[in-house]
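The model shown is predicted, which means the values in this text are computed figures rather than measured ones. Numbers restart at 1 for each chain; the letters A, B, ... are given by sequence-line order, proteins then strands.
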Amino acid sequence: MAANSNSRVASNHTSKKQKVRRNIHPFTNNTRIKRASKIVKFNDSGEGDHVSDQRSNKENVVTYKSLKSRASDLLKMRETLPVYQHKREIMSYIESNPVTVLIGETGSGKSTQIPQFVLEKLYDTKKHGSIAVTQPRRVAAINLATRVAQEHGCKLGEQVGYSVRFDNTTTTRTRLKYLTDGMLLRELMMNNDLREYSVIVIDEAHERTVLTDLILGFLKSLIQGPRPDLRIIVMSATLQAEKFSEFFNNAPILFVEGRKFDVKQYYLKAPTDDIVDAVIRCCIQINQGEELGDILCFLPGQEEIDKAVTIMEKIAKYVSDEAPVPLIVPYPLYAALPPVQQSLVFAPIKGFKRKVVFSTNIAETSVTISGVKFVVDSGLRKVKVWRHQLGLATLLTVPISQASAMQRSGRAGRESEGKSFRLYCESDYVKLPKQSEPEIARSDVTSPVLMLKRYGVDDLLNWTWFENPGKEAIVMGLQELYELGALDTRGKITKRGQQMALLPLQPHLSSVLIKASEVGCLSQVIDIVSCLSVENLLLNPSPEERDEVNERRLSLCNAGKRYGDLIMLKELFDIYFYELGKSQDASSERNDWCKGLCISIRGFKNVIRVRDQLRVYCKRLFSSISEEDEESKKIGEDGELISKILKCFLTGFIKNTAIGMPDRSYRTVSTGEPISIHPSSMLFMNKSCPGIMYTEYVFTTKGYARNVSRIELSWLQEVVTNAAAVAKQKVSDSK
DNA sequence: GAGCACTGC
């Protein structure tokens, strides 16, 4: 590998200026201040390590006076921020336009300051209504609200607060509310026209998550219909502004320069075919030739990362023995990694050493690591693409977009000037797509379609989609919802569909829950569904302890051994919740138990929170809830009960079934494709199921079923008949 | 026969 010495300096500065179009109003910023370390310590975009919680207990003991004095100290820092210097100009645009698009680069202060400017204006003009600021991630909403409350001189929940799942600090006094876009969508579902807000700010809109895209669509229909008075500000970090502007009737675009340090780009002269090898070589080269500073490497997935870490661990000592260079200390970083190991990457490294973090896309937006001076970019990522016709997801390794490459490089320039090594040719960079394909264009839209139906939209194909997912996707979503009993034959939402839309679950799981409430096993099914709702609950044991952990899990789950993963989850839940929850020292007992079984401790705490929430929702939604259902129940090894539970799941996942073949392989009921049980499943070693049902079907190297349960073939007929009867009933109801 | 990127209610 050889880094291109004729590298060019990537200047976002100039490229942005070249792109200024007729309806853009650039703010010339001559006040580019060299950021003193003391001045801006907070994260403008709210990105922070999700391991540490920035809220401090001190907040609870400070007096009103000290809140105010802290706020006036902070004001001096705020005044140096780029957006602050253009306050009057920005506000005049916001005041005179129903929609304003604001492009603020990293460090511009947009996420903290713009909402406060608007708040001041509301105070000054004595206007009613509050301000909502949406974020794609929980941590961002929490951190931003915490910071802004300090700047505003109040406690969280007074004038400034946040609302995320399981945690709402807002009160009736709150005028500025940071919330996840999922929460705003929920508010839209409950209260169609968002009367309580006079201004809505959509932050990080460039990330183009499904939920952000949906909100944009809802907002357009609101200002065209019942809320012409609503003010909207779309904030984005990159120049994807034209699309936002066009969508909102050519809204003005404001551009505020940020404060970030230059990052020099280096490219390969010739492409590489072994990306892990190239990344390792590049790190060694940086270690030999560059000043001290940490390295962040972007690789597509866990497999490549684990491989890179293993190699680096082996050669690091040898390399530093050979020459007087820093000792490289490698760290992996990906979401499925246990939180304890994740947190290791945030600790600063001491001595003559260099931290090298091998990470997935998680470090591109969700997590910020300080001390990074060098970025090594494989140019690859993994992406899940939904195949509407097949009803399965494929997980592909694909080249990133230019925007993504710039975002990755930017991670080297947060604290000082940095360097970015792109392990592909500059000629290939130019050919990359400018932006990544928006998520909604490659996702299952069953859930969005249900939301729209719940909102009362009839003509889905011609709705105010910010990004129309296409006729095929919408029709498949409609059909799926019809089969789940959420829509009737005319495409109108049913009572069942209304209930499904209000549950914080994917429609298939909502449907399972409703079925369970009808047949009297709601409590047990809630427990299982709660476990399924938490990602990375069962962690991957390392290869050395894999057999041991599997053996331990199997020995605890007698029913799970036979019936599969859903029942196993319930058995584990029962032990965690009933058996370990009683003793004096429940918490440490539970933690030890989780560690031994390679189960996420935080994961199980989330299971309990999801469970509590679902129980509350179910009580509200199903008036027919029986007294028995309100009591919690352990599962035991009652075959009849287990059958009943699994049949409930079949009503939601009837499409996700496969039949056992004589050669002990499985073929899907719907398409006849071969499908394999994923090695993480309890049933991986089991060779005797007549049929299987799974909650997920992902194609990687081949088709894999995850969360697998054993089913009897007769159940298929039974459940299909019931579904048909339900459909018939629905038709006669609507006549 | 051997393995899934990230986020949200």
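Inspection of the Q435(A) and H206(A) side chains reveals no N or O donor paired with an N or O acceptor under 3.5 Å.
Side-chain proximity of R546(A) to the nucleotides dA2(B), dA5(B), dC6(B) is greatest for dA2(B). Taking every side-chain heavy atom of R442(A) into account, dA5(B) is the closest of dC4(B), dA5(B), dG8(B). Checked against dG8(B), dG3(B), dA5(B), the side chain of N540(A) finds its nearest nucleotide in dG3(B). Of all nucleotides listed (dA5(B), dG3(B), dT7(B)), dG3(B) comes nearest to the side chain of T701(A).
Between E303(A) and K307(A) there is no salt bridge, since no side-chain N of the basic residue sits under 4.0 Å from a carboxylate O of the acidic one. Between K384(A) and E696(A), at least one side-chain N (NZ, or NE/NH1/NH2) sits under 4.0 Å from a carboxylate O, which counts as a salt bridge. Salt bridge E204(A)/R137(A): absent, no basic N to carboxylate O contact under 4.0 Å.
When the C1' atom of dG1(B) is taken as reference, atom CG of D663(A) falls 12 Å away, rounded to whole Å. Between the CG atom of L513(A) and the C1' atom of dC9(B) there is a distance of 14 Å, given to the nearest Å. Distance CD (Q506(A)) to C1' (dT7(B)): 15 Å, rounded to an integer number of Å. When the P atom of dC9(B) is taken as reference, atom CD of E535(A) falls 13 Å away, rounded to whole Å. Atom CD of Q407(A) and atom P of dA5(B) are 20 Å apart (whole Å). Between F298(A) atom CZ and dC6(B) atom P there is a gap of 12 Å when expressed in whole angstrom units. Counting to the nearest Å, the P atom of dC9(B) and the CG atom of L450(A) are 18 Å from each other. Atom CZ in F699(A) sits about 14 Å away from atom C1' in dC4(B), given to the nearest Å.
If you check every strand for non-hydrogen atoms under 4.0 Å, V164(A) touches sugar and phosphate atoms only. Looking at heavy-atom distances under 4.0 Å, R165(A) makes contact with a base. In this structure, R706(A) reaches the bases: a heavy-atom distance under 4.0 Å links it to at least one base atom across the strands shown. Among the atoms of the strands shown, none is found under 4.0 Å from any heavy atom of L396(A).
Between dT7(B) and T365(A), no contact under 4.0 Å exists linking OP1 or OP2 to a side-chain N or O. Listed pair Q613(A) / dC9(B) fails the phosphate criterion, with no side-chain N or O lying under 4.0 Å from OP1 or OP2. Distances shorter than 4.0 Å separate none of the side-chain N or O atoms of Y704(A) from OP1 or OP2 on dC4(B).
For the segment residues 676-688 of chain A, residues with any heavy atom less than 4.0 angstrom from an atom of DNA chain B are, sorted by number, H678(A), P679(A), S680(A), F684(A), K687(A).
With a 4.5 Å cut-off on side-chain heavy atoms, F218(A) and L194(A) do not count as touching.
In terms of polar N and O atoms assigned as donor or acceptor, the side chain of R186(A) never comes within less than 3.5 Å of the base of dG8(B) in a complementary pairing. Under 3.5 Å, the side chain of E696(A) and the base of dC4(B) form at least one donor-acceptor pair of N or O atoms.
Here the straight-line distance linking atom OG of S401(A) with atom CD of Q407(A) works out to 10.0 Å at 0.5 Å rounding.
Along DNA chain B, the nucleotide closest to S533(A) and the one closest to L333(A) are compared, and the more 5′ of them pairs with L333(A).
For the pair R422(A) and Y424(A), the cation does not sit on the ring face, since its NZ or CZ is not both under 6.0 Å from the ring centre and inside 45° of the axis.
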Considering only distance and modelled atom types, tabulate donor-acceptor pairs under 3.5 Å from the side chains of residues 674-682 of chain A, sequence neighbours left out.
unit_1, atom_1, unit_2, atom_2, d
H678(A), ND1, S680(A), N, 3.0
H678(A), ND1, S680(A), OG, 2.8
H678(A), ND1, R706(A), NH1, 3.3
H678(A), NE2, R706(A), NH1, 3.1
S681(A), OG, D565(A), OD1, 3.4
S681(A), OG, D565(A), OD2, 2.7
S681(A), OG, L683(A), N, 3.0

